[in-house]
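A short write-up of the structure that comes next.
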Amino acid sequence: MGWIKQIITTSIGKKSVMAVTGTGLIIFLFFHLVGNSMIFLGRDMFNAYAENLHRLDFAVKVFEIGLLILFLIHILFATLLFIENLGSRPQRYAVKKDTRRTWGSKTMPYTGATILVFLVVHLINFHFTDSNLTLSELVRSVLTQPYYAALYIICLLALALHISHGIWSLCQTLGINQPKYNKLLESGARSLSIAVGAVFILIPLLALFYSNFLL
Amino acid sequence: MKLINLIVKVWRQENETSSGSFQTLKSGPISTDMSFLEMLDVLNEKLAKVGKEPIAFDHDCREGICGMCGAVVNGHAHGPENETTLCQLHMRHFNDGDTLVIEPFRARAFKVVKDLVVDRSALDSIIAEGGYVSVNTGGAPDGNAVPIPQDTAEQALDASACIGCGACVAACPNASAMLFVGAKVSQYALLPQGQPESARRALDMVRKMDESGFGNCGNERECEAACPKGISIRNIARLNREFIKAAIISYEK
Ligand code: HEM
Ligand code: FES
């Protein structure tokens with residue numbers, strides 16, 4: 001096992017852990033997105049989807065634990081990398097210009113921290129609640145409150161920004177970079193993050209501005 | 001001959017342990033045909049004439065091939081021109097009245113020795129861990145006896161263009177040396193002569209890089225924009241592949 005520890009504690013090892021856990025989280029995000037899209041099909045479809053999902057009680061539990069582990073590892077390594085990188089240039093430049101960094105790449109630790117805050121709020125809202133409301137009623141009760149809707153929108157924007165760099169970056173980290181598909185990869189990553197952000201954000205927007213939402 | 005006058009704000013630091021600060025100087029008339037280092041020479045002559053300490057800076061070939069020169073000028077490593085070392089940057093790219101802020105390459109792994117001179121021996125110590133081929137390759141083979149496809153040769157040659165100046169480290173938000181190590185690992189990983197030691201090389205050079213106090217790559221791409229030799233981050237991806245392959249597939253530990 002010694003060699004695993006040796007590999008995982010190198011810079012490329014840590015980055016690879018970020019990339020692999022990030023990939024897992026993106027796959028989860030995709031399934032979550034598809035599930036949530038049932039909201040657009042109306043209250044009954046959405047509630048039926050939720051009920052069917054929770055009938056797979058054991059599978060859901062296993063999945064949740066796996067997801068929790070992914071999150072914990074991703075956050076642990078992100079914190080480690082962030083702290084190490086803080087010390088990498090003790091004396092800063094008086095003048096430093098950016099050339100190819102993007103909004104997404106520059107803000108990874110901050111968008112990540114925003115997602116973490118969101119995660120806690122989101123789980124309190126929808127997971128650790130003991131109300132007897134149906135899922136559609138629960139969603140309505142949270143997202144029709146303007147403060148919550150605004151918080152969700154801001155955090156989802158941060159999520160979209162995080163994966164806009166993340167998807168391309170995880171490929172680069174895992175060595176996936178060849179001219180024959182780089183254009184496709186970059187535009188694919190951008191479109192995917194915009195699509196994910198847009199569909200998720202549509203939900204609080206509907207709750208805010210469409211009075212018959214999930215009724 | 002066109003002449004321009006500049007305001008030069010340059011980092012002055014007595015030695016490794018002193019704290020250092022900016023000194024503001026007027027350049028006087030500077031020919032736009034001069035290189036950046038020649039402009040500093042002119043400034044230094046003026047300083048020497050009035051009995052002041054000249055600005056210390058590194059240089060050697062002054063033709064863009066040795067990798068000795070380098071400073072951060074107005075926020076860009078080697079100045080604002082693409083694929084240009086500081087010695088090959090010409091004053092025609094500046095305008096009369098411009099202010100130049102000149103700082104040493106900064107990173108935890110690069111200590112300032114004096115003014116703009118930094119100690120980049122951390123890069124040498126990474127090379128010492130595997131930036132060479134040490135297996136006995138026998139006598140020189142006949143030309144074309146070792147078949148290497150043209151584009152592979154081109155890619156190896158592109159990687160080997162690295163002059164080890166450290167601009168990638170200087171430009172990186174995390175002061176990472178991944179572009180340097182990527183280029184050094186790639187030039188061997190692409191060629192048959194590098195194969196026998198490729199796993200050992202990737203593991204050792206990356207470990208040395210981490211030990212030397214460089215930061216972790218964040219895939220920000222600032223390095224490739226600053227590189228005077230236009231080394232692409234494809235070489236970082238190749239280093240990642242080589243490292244992951246060495247870690248997971250090879251017998252080397
Ligand atoms: C659904 C949630 C999340 C997804 C889909 C996600 C996805 C990703 C991906 C794909 C990467 C790129 C890995 C690479 O560069 O190889 C990444 C990097 C990163 N993530 Fe996340 N992440 C999520 C949540 C978080 C959270 C909660 C945090 C922090 C508390 C975080 C902090 C970071 C940081 C700091 C990086 C950059 C690491 C570096 O390049 O040095 N992420 N994330
Ligand atoms: S002095 Fe040799 S590269 Fe600039």
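Just so it is clear: chains get the letters A, B, ... in the order the sequence lines come, proteins before strands, and each one is counted from 1.
In this structure, chain A has no heavy atom under 4.5 Å from any part of Cys223(B). Neither the backbone nor the side chain of Ala246(B) comes within less than 4.5 Å of any heavy atom in chain A. Both the backbone and the side chain of Asn74(B) have a heavy atom closer than 4.5 Å to some heavy atom of chain A. For Ser16(A), the part lying near chain B is the side chain, with the backbone staying farther off; criterion is any non-hydrogen pair under 4.5 Å. For Arg207(B), the part lying near chain A is the side chain, with the backbone staying farther off; criterion is any non-hydrogen pair under 4.5 Å. When heavy atoms are compared at a cutoff of 4.5 Å, Leu203(B) approaches chain A solely by way of its side chain, counted from C-beta outward. Val73(B) does not touch chain A: none of its heavy atoms, backbone or side chain, sits under 4.5 Å away. Both the backbone and the side chain of Glu224(B) have a heavy atom closer than 4.5 Å to some heavy atom of chain A. Both the backbone and the side chain of Glu222(B) come within less than 4.5 Å of a heavy atom of chain A. In this structure, chain B has heavy atoms under 4.5 Å from both the backbone and the side chain of Leu174(A). Residue Phe110(B): no heavy atom, backbone or side chain, is found under 4.5 Å from chain A. If you measure heavy-atom distances from Pro80(B) to chain A, you find no contacts under 4.5 Å at all.
A distance-only check finds a donor-acceptor pair linking the side chain of Gln172(A) to the backbone of Ile233(B) [under 3.5 Å]. Listed for the Asn216(B) side chain is no donor-acceptor partner under 3.5 Å among the backbone atoms of Lys15(A). In terms of modelled atom types and a separation under 3.5 Å, the side chain of Asn174(B) and the main chain of Asn85(A) share no donor-acceptor contact. For Tyr93(A) (side chain) and Arg106(B) (main-chain N/O), a donor-acceptor pair under 3.5 Å exists by modelled atom type.
Looking at Thr173(A) and Asn240(B), their side chains never bring a donor and an acceptor atom within 3.5 Å of each other.
One finds the OG1 atom of Thr102(A) at 7.0 Å from the CD atom of Glu220(B) (value rounded to the nearest 0.5 Å). Separating the CE atom in Met178(B) from the OG atom in Ser11(A) is a distance of 5.5 Å, to the nearest 0.5 Å.
Top candidate by heavy-atom pairs under 4.5 Å with chain B, chosen from Asn182(A), Leu81(A), Thr99(A), Ile176(A), is Thr99(A). Note on Lys96(A), Arg101(A), Gln178(A), Lys106(A): by heavy-atom pairs under 4.5 Å with chain B, the leading option is Arg101(A). Of the listed residues Met108(A), Arg92(A), Arg89(A), the one with more heavy-atom pairs under 4.5 angstrom with chain B than any other is Arg89(A). Per-residue counts of heavy-atom pairs under 4.5 Å with chain A were compared for Arg241(B), Glu103(B), Glu211(B); the largest is that of Glu103(B). Across Ala175(B), Ala109(B), Gly20(B), Pro104(B), the residue that shares the most heavy-atom pairs under 4.5 angstrom with chain A is Ala175(B). Top candidate by heavy-atom pairs under 4.5 Å with chain A, chosen from Ala226(B), Ser232(B), Cys172(B), is Cys172(B).
Remark: Phe30(A) CZ is loosely packed, at most 12 non-hydrogen atoms of other residues, nucleotides or ligands lying under 6.0 Å away. Summarising the local packing, OH of Tyr148(A) is surrounded by 12 or fewer heavy atoms from other residues, nucleotides or ligands at distances under 6.0 Å.
Residues Gln91(A) and Val112(B) are not in side-chain contact: their nearest non-hydrogen atoms beyond the backbone lie 4.5 Å or more apart.
Between Asp210(B) and Thr10(A) the shortest heavy-atom distance is OD2-CA, 3.2 Å.
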Could you go step by step and tell me if Ile7(A) and Lys253(B) meet the side-chain contact (heavy atoms from CB on, under 4.5 Å) rule?
-> CA-CA 9 Å; Ile7(A) 294 303; Lys253(B) 287 203 270 194; over 6 Å; no
Would you please test Val95(A) and Lys9(B) for side-chain contact (heavy atoms from CB on, under 4.5 Å) and show each step?
-> CA-CA 11 Å; Val95(A) 182; Lys9(B) 282 180 77 176; over 6 Å; no
